[in-house]
Structures are given as structure tokens and as C-alpha cells.
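Below: the structure, in C-alpha cells.
Being a predicted model, the structure only gives us computed values, none of them experimental.
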Amino acid sequence: MEKLILIDGNSIIYRAFFAMPPLNNSSGLHTNAVYGFTNMLLRLIQDEKPTHIMVAFDAGKVTFRHEGYEDYKGGREKTPPELSEQFPLTRELLESFGICWFELPGYEADDIIGTISKQAEAAGKDVLVVTGDKDMLQVVSDKVKVALTRKGISEVEPYGPKEIQERYGLTPDQIIDLKGLMGDASDNIPGVPGIGEKTALKLLHQFGSVEEVLARTDELKGKMKENLIQHAEDARLSKRLATIHREVPVDRSFDDMVFRGLQEEKAGPVLRKLEFKSLLERLSFGEGAGTAEAGEATARAQDEVEVVIVDETSLQELVNELPGIEVMYVESRGDNPHQSEVMGLIFSSKERHFFVSCEFLLSAAAKPVKDWLADPQIPKRGYDLHRADLALYWQGITFAGAEFDIELAAYLLDPTDNNQTISGLAAKYHLPQLPSDDEVYGKGAKFKAPDPETLSRHLARKALAMLRLIPLQKEELEKNEMNRLFYELEMPLSRILADMEKQGISVNRDALAELGKEFEAQISKLEKRIYEIAGLEFNLNSPKQLGEVLFDKLELPVVKKTKTGYSTDAEVLEKLAPYNEIVQFILEYRQLAKLQSTYVEGLLKEIRQDTGKVHTFYRQTIAATGRLSSQYPNLQNIPIRLEEGRKIRQVFVPSEEGWSILAADYSQIELRVLAHISDDKGLQEAFLHDMDIHTKTAMDVFGVSQDQVDANMRRSAKAVNFGIVYGISDYGLSQNLHITRKEAAQFIEQYFEAFKGVRRYMDEIVQEAKRNGYVTTLLERRRYLPEINASNFNLRSFAERTAMNTPIQGTAADIIKLAMVMMDETLRKHGLKSRMLLQVHDELVFEVPPQELETMSKLVPETMEKALQLSVPLKAEVSSGSNWYEAK
DNA sequence: TTGGTCACG
DNA sequence: ACGTACGTGACCAAT
């Protein structure tokens, strides 16, 4: 049964503030109310085991109640600042707990709770409302209970219809009549003079409602009768004011309110900031790595699992079960799968779990298991099979046949969910909870190799969760129309990426070291001159120390500040260049230091001794737009814009004598995608004629002919095109072009006048995002934008720009991924020896034997261009050379 | 671990 | 008035 807890945030925090002794953390923040609130929240979670939680707050001062009665809540003491400052802290805490909160201008928390409780009741959920406000009793029903705080907030008293009857002799909906007669001093609701709780109850027992009392005053006598007649209107008003509005436009769904348990990674930092030591201890979020009992709050029932630890004697059992194995998982240690330790494997069918240690898998006896892993005809389902493939590969074990990857599915279903672990997904889908890896293994320096029993049990729990996740994900992929994207694009791509990564790319170590020497010589020269001019030696790599030298010692003007002090980034330094020649030297130093540390030293460290290659790892489940990302090393940000850095590309060479590096990149793919999805005729026309798009933009924006477009106009137009792709704002463009916001706004307006289809697209996509809560790419890749309707301007604006950008960037990502799948197929079909090595968002890099150079120079761009049929042609440009630098 | 900076598309 | 261009990862210093 689902159970929803609704908390009146304001009410509880008020009470906690006055009930708790003052409390500060070391930076002087008042925390007593947050502490009381948190304490109560944890107790509720522990005692009530809710599946859903939501906290409602009052927003702003004026509500609809003020419209009929200006003095509503008049005469209240102003909220003390020590309390006010605790509201934001509470919200931050709730967010870190993964608990939904909500407020709505014009309504009080009561009304929000009234509305949601009504909806929850209709949906068959059990509801517990927690508040200090007796008014709330009016929403009580068979399904809705109200817990009122007693004695401060240390205890709550639950009220159902029965308890209300016992206490007041009333039904829940008579509570508002009670308020109507007796009023409420704290809310400045008048009621009827001389009538308190006792009299009000007596009257209600006799007449039933305010209206009935007022209609039958002739049955009464004395002062009370007089007062009722004279203040009849007050009584009606008071009843209205006390009535909770249960039709508030709440834009939260029950899905938003699902409570998934506390995550130490999220809750820990906030609790630590507040210095709630006893709570941290109670949750086992202390210094030591969390243990299995980490958080009574996290633990819901865990499955007990039985697992066979496979050795030579029990091997036959597993072999018998192999045809029925439904999921598998390889546990490995370390972030870089090219140098990770395989801790063990689990193979599971519905009923049975088999744990295989790496050691056993490597033994000769395990051949049947290795054959099973290597057979591409046997479909494998599991979690992060890409990583498993690589980890096993470096152990000399072949893996093939990935059919369903839970991590990839989770990524497609919500690419921005940053807890796509098995444990996190189990929580998301309300499956029985399992501890996180960090809880079982310890993290970082605290990692402790688990004994086989602990490890196998943990893996079996993961496998069980995986078995349950797969059907749920399949259903959702189907519902989102993502089957093709998943089975025909992302799954095949994951195998291709693994192949590229295993292949690696050769690096000329000597040439790289030589470059390093050249950089080093220049760097030390620059250092000397800088220290000379500064008059002292300091750590040039420290922005803090550099700031002190520039702005305190040399007294250069401060252009920009960061959170922690002076800003010294390139933009600032360029502004300071005219004041002192030191600035130019610092800029040059920065450039070379970057090249040296990241690209010379960093890259040297990543070269494998045995192969002389670097093997990057493409992450397929990181970027919110659908792009890949690259790590260990990142080969998607090798310098190219400046000549000094570009030289780094010379060290990327073919792995075989006489071969070439061939690179092909899409020309203006994002703007072509925009031309297609916006259906802007002008833009399409330009690409149909393969015009220089920035020149064309300049012509239309400035209203000039082609030969009147000068370099400056083209540069501006180029910036506008970038802006359009990013989800333009006048501010952003003004920063980029160093012009005023007004001028930038004018450019944008002129652009939209010239490309009306683009304006229509930008408007429509934002509307679509507001309507659906997400945007999609051409291949139905989806990105949710929960902040698209936020009242906070910045959050909302960010979401709007994202809504404009994601379909463009994401569709471009779809396209190159398609091209990669087709290219892999093509190489195979033609029996070519050429190898695809790298992907850099709009570029593919290959190594090619001489006899295939001509073929590949045609085949690669052709394949890329036909990856997806758009209303405008795709264009890919190819070049080759003896290294990556030459392939330009 | 966080923030500043800078490399790429 | 608000204060940002979209998407990443690596390195360094300071906490």
C-alpha cells in the first residue's frame, strides 16, 4: 500500500523554532528549527515508512484569503530573522534528502496539502498530514489522517474520524464550523465574541453548522443570541477563512513525491554543513564509510538471497544453468576500465545466482563459462556491459553478444538522472532496496576488499534487482518509442566503442617528450620575466596568489570577481593587457602551462608501455544531450585552435608502418539540423546551395549583398549562429561580441526577422517543453526539463535555452552515432583493414592502410552523409596525413 | 572535495 | 531587475 506523508513546513518549522533551545553551527547559522524539523522528519520516516513525502510551504504574504478580509493574519509578530534564515536551509535539506517540496504564491501550505490529500485519496493512497494547525482536521477521512504536534514537536497525535469524534463530537467537515464560531486569535479570525470552544461545540452539537445556528437564533436567548445575530457576518466570514481550498493548481505529480530513501552522497554534505552530528551518527553518515545498516532511513526490506560460489565442484551446476541465464554482471574496481581489477562475476536466472571469482574464471576449468561469454549468438543482459567487456578484455577474456544494457536503458529513459547505479534504479522503481557499492566496499581510501561471501551476496542482490528492472525498462522504452534508438543505435554502438577503445591510438612518445622540452624552455623564460616584473616569486598556478600580485601589489583595476576573490581568467587578463606587460606574459604562460600539464605530461602518463597507445574510454551515459564523453585520457579536447597547441596532434600516429590517419568531419551539422527541424526555408535554401552559412547569415541580418559582407560582419553573424544553436540571449551574445546588450538584442531581432522559421521553432520548442516537460531529438532521444515552469527566472531561462539547444545538439549526436554504426558495418562488409579510432562529436578519425586510402577517402564521407535523410544535405569533409595534425 | 581555469565541439 | 550563452574533462590549489 502506498503511503503519502504531507508536511506543513511552515507550521512545523515555527513550532520547532519556539520549542527548541537556540542552536548555532560554527559559522553562526541558526539551526534549531531545522534541527527540530529534521529530527521529526527522520522519526516519521522510520515509524511510518512512507512511499511518498511532500512538504508544503506558504509562499509570500498575500493569499486569496486577503481578498475578502484584509486583516487576515493581521497583528502577527514579524518573523524573527533567526527563523527566516532557516527556511532556505530547510528547503536545501529537503532537496538533499530527495524530498519534494512545493509552494505557490497566493496559497497557504494548508491549501496545497488539502488539494494533494484529496487527489491522493482519490488515487487510493493512505495519507498522513503532519501539522501543528488544528484547522487541518477538516480534511480527515478514512484514508486521510492528520497528526497534530503536541508539546512542541517532540510528539505527534494522529487523528482519524474516530479520534475527532471522541475529542470534539464532530465530523471532520464540522471543524470549519467550529472555527467559524470561535475564531482563531493567531490568524486574526474574529469568530463570534463570547463564544469559545465550549460554547461553539455545544451549539454545533445542537444545530450542526454555522448556517443552521444563524438561521435558528430564535431558539436561543440572552447575550449569546444577541452576539450571534450581530456578528452573523463575522461567523460566515470566519468559516470561509477557515475553509481549506482543495482545488489548488499544484504542478507536482505523485511520481515527484516518491521517497527513495536517503543517499549519503547527497544528504551527508548538507547535514555536515549544518553540523548535525547526532543525526549523522544516527544515520551512520559519520566519518567511517557507511555500513550495511547505514540509515534506518534508507533501508526498506532487503531480499535475502542465496548464491552458489562457483568452484570446480559446483561448476557443473552453473554449466547446466547457462542456457537459462537471464542476467550477468561483472564487478570491477576502479574508474578506468582499461586498468581495472575484476572483482567477480554473477550469473543469474530467476531462481539461482552463481558467483564466479576472477581467479576461477581465468582457470582452465572455467572454459565453458568463457565460451558462453565469448559467443556472440548468446544474448547477454546486464548492467554496463561495455565496461565489463573492457575489464574482461584486459584479462584476456572475450565478451560478445550484449543485447540489453540496463545502464544504457536508464540513460535513454532519463539522461540527466545522475544515479543510474543498480541501487539507485532499484529505488527509483520502488524495488526492494539494496545497499550501494560504497556501503558494501567502502569508498576511496576506505575501500576494503570484501570476502567472497559478502561480495557474492551483494552481487546476487544486484542481479535480482536487475532481473526486476529489465521488464520495467522494456515497457518504458516501448512507451517512449525508443526501441529503435535503443536496440539499433545505442546497443550496437556500445560494442563499437569498446572495439575502438581496445584498438587505441598510437602516440609518438619521443615526439611528445620533445614538444614538452620546447614548452618547458619557453615556460621557464616566461616565469623569470613575470617574477622580475612582479618583484617577487610566487605560485603562478595559484589564481589566489596571482590575484594578489596583480590587484594588490601592482594595483591593476579589478574587472571581475569570483566567489572567492579576484578573477584572473583570460577574459579579465585581456582587458588588463594595456596596463602592464606582465599580463601578456601571464597569458602566454597560462597557455603553455596548460599544454604542458594536460597534454604533454597528462598524455605521457596515459601511454601504455606494452602497446605505445592511449586507450580512451567513451562514456555513453553521461551527456544530457546524447553526446559521448571521453576520459582517461580525454581525446575529445586535444588542442586545435592555436598553432602551438595544435602541434600536439602531430604525436597521434598510425599504429602500423606506412598507414595514414584519416579524419572526416561534418560541416555545420548543427545548423543543418536546425534548418531541418525548424523548416526555415531561407536556411534550407542556403544549405541546398552549399553556401558559406555565416556569410549568408551576415547578408540577411545586415541586409547587404554577398560582396558587401566584410570580415567583421561575418564574425558577428558567426557569433549569432552560435548563439542560436545555444538558445540565444541578448546578454550572452553581447558578452561574446563585446557589444552592448541593446545591440545584441537588435542583431537577434534582425536574425529572427530574416529567419522566421527559426523564430517559430524557438517559440514552439519552448512551448512544447512547457507542455510535455521534455524535449526530443529526431530519433526520440528525450531530455526532461523540470525547471521549464520554475518561478525562478534563472532556472526557467536556463531550461528554456536548454529546450532550444538539446534537440539540435542531440540530433547531431544521433546522426554521428548512426554514421558510426553504418561505418562499422561498411568496413566489415567491404573486408577493409581500416580501423575507426576516435569520435570527436562531429568528426571521425581512422587509421588506414595505403591501399585503402583512396577507397576510404570516398567511403567515409559518403557514409556520414547518408546517415540520416534530412530536408537539407549533410556534408562531410575528409583529409588524411601521416598524423592527426596533418589530417586537416 | 570544491572552485577556478581552460582545452575541445 | 534578475545575471547566462550549449555540452564535456583535466589539472591545479586550497579546503
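Comparing B:dC8 with C:dG3, their P atoms are spaced 31 Å from each other, to the whole Å. Rounded to whole Å, the separation between the C1' atoms of C:dC2 and B:dA7 comes to 31 Å. Rounded to whole Å, the separation between the P atoms of B:dG3 and C:dT4 comes to 14 Å.
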The dot-bracket string of DNA chain C, counting Watson-Crick and G-U wobble pairs with both distances under 3.5 Å, using [ ] for crossing pairs and | for pairs to another strand, is .....|||||||||.

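Using a 4.0 Å heavy-atom distance criterion, A:Gly727 is classed as making no nucleic acid contact.
A:Arg333 forms a cation-pi arrangement with A:Phe447, by the criterion of a distance under 6.0 Å to the ring centre and an angle within 45° of the ring axis.
Side-chain atoms of A:Thr625 and A:Thr806 form no donor-acceptor pair, as typed in the model, at a separation below 3.5 Å. With 3.5 Å as the limit, one finds a donor-acceptor pair spanning the side chains of A:Gln636 and A:Gln839.
For the side chain to side chain donor-acceptor pair (under 3.5 Å) test, residues two or more places apart in sequence or in another chain that qualify with A:Glu800 are A:Lys770. Partners of A:Tyr618 under the side chain to side chain donor-acceptor pair (under 3.5 Å) rule, at least two apart in sequence or in another chain, do not exist in this structure. Taking A:Arg387 as the reference, A:Asp384 meet the side chain to side chain donor-acceptor pair (under 3.5 Å) condition, with sequence neighbours excluded.
Scanning residues 728-742 of chain A for heavy-atom distances under 4.0 Å to DNA chain B yields an empty list. Contacts of residues 620-631 of chain A with DNA chain C (heavy atom under 4.0 Å): A:Ile622, A:Ala623, A:Ala624, A:Thr625, A:Arg627, A:Ser629, A:Ser630, A:Gln631. Across residues 774-790 of chain A, A:Arg783 each have a non-hydrogen atom less than 4.0 Å from an atom of DNA chain C (numbered order).
Contact footprint of chain A on DNA chain C: nucleotides with an atom under 4.0 Å from a non-hydrogen protein atom, first to last in 5' to 3' order, C:dC2 to C:dA14.
For residues 786-795 of chain A, no pair satisfies side-chain hydrogen bond (donor to acceptor under 3.5 Å, both in side chains), with sequence neighbours left out. Screening residues 714-729 of chain A for salt bridge (Lys or Arg N to Asp or Glu O under 4.0 Å), with sequence neighbours left out, gives A:Asp692-A:Arg714. Screening residues 738-747 of chain A for salt bridge (Lys or Arg N to Asp or Glu O under 4.0 Å), with sequence neighbours left out, gives A:Asp730-A:Arg741.
For B:dC8, the OP1/OP2 oxygens have a side-chain nitrogen or oxygen of A:Arg641 closer than 4.0 Å.
Around the CZ atom of A:Phe752, the shell of radius 6.0 Å holds more than 12 heavy atoms that belong to other residues, nucleotides or ligands.
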Validation: residues 537-544 of chain A side-chain donor-acceptor distances under 3.5 Å, sequence neighbours left out:
{"unit_1": "A:Asn539", "atom_1": "OD1", "unit_2": "A:Asn541", "atom_2": "N", "d": "2.8"}
{"unit_1": "A:Asn541", "atom_1": "OD1", "unit_2": "A:Tyr589", "atom_2": "OH", "d": "3.0"}
{"unit_1": "A:Ser542", "atom_1": "OG", "unit_2": "A:Lys544", "atom_2": "N", "d": "3.3"}
{"unit_1": "A:Ser542", "atom_1": "OG", "unit_2": "A:Gln545", "atom_2": "N", "d": "3.1"}

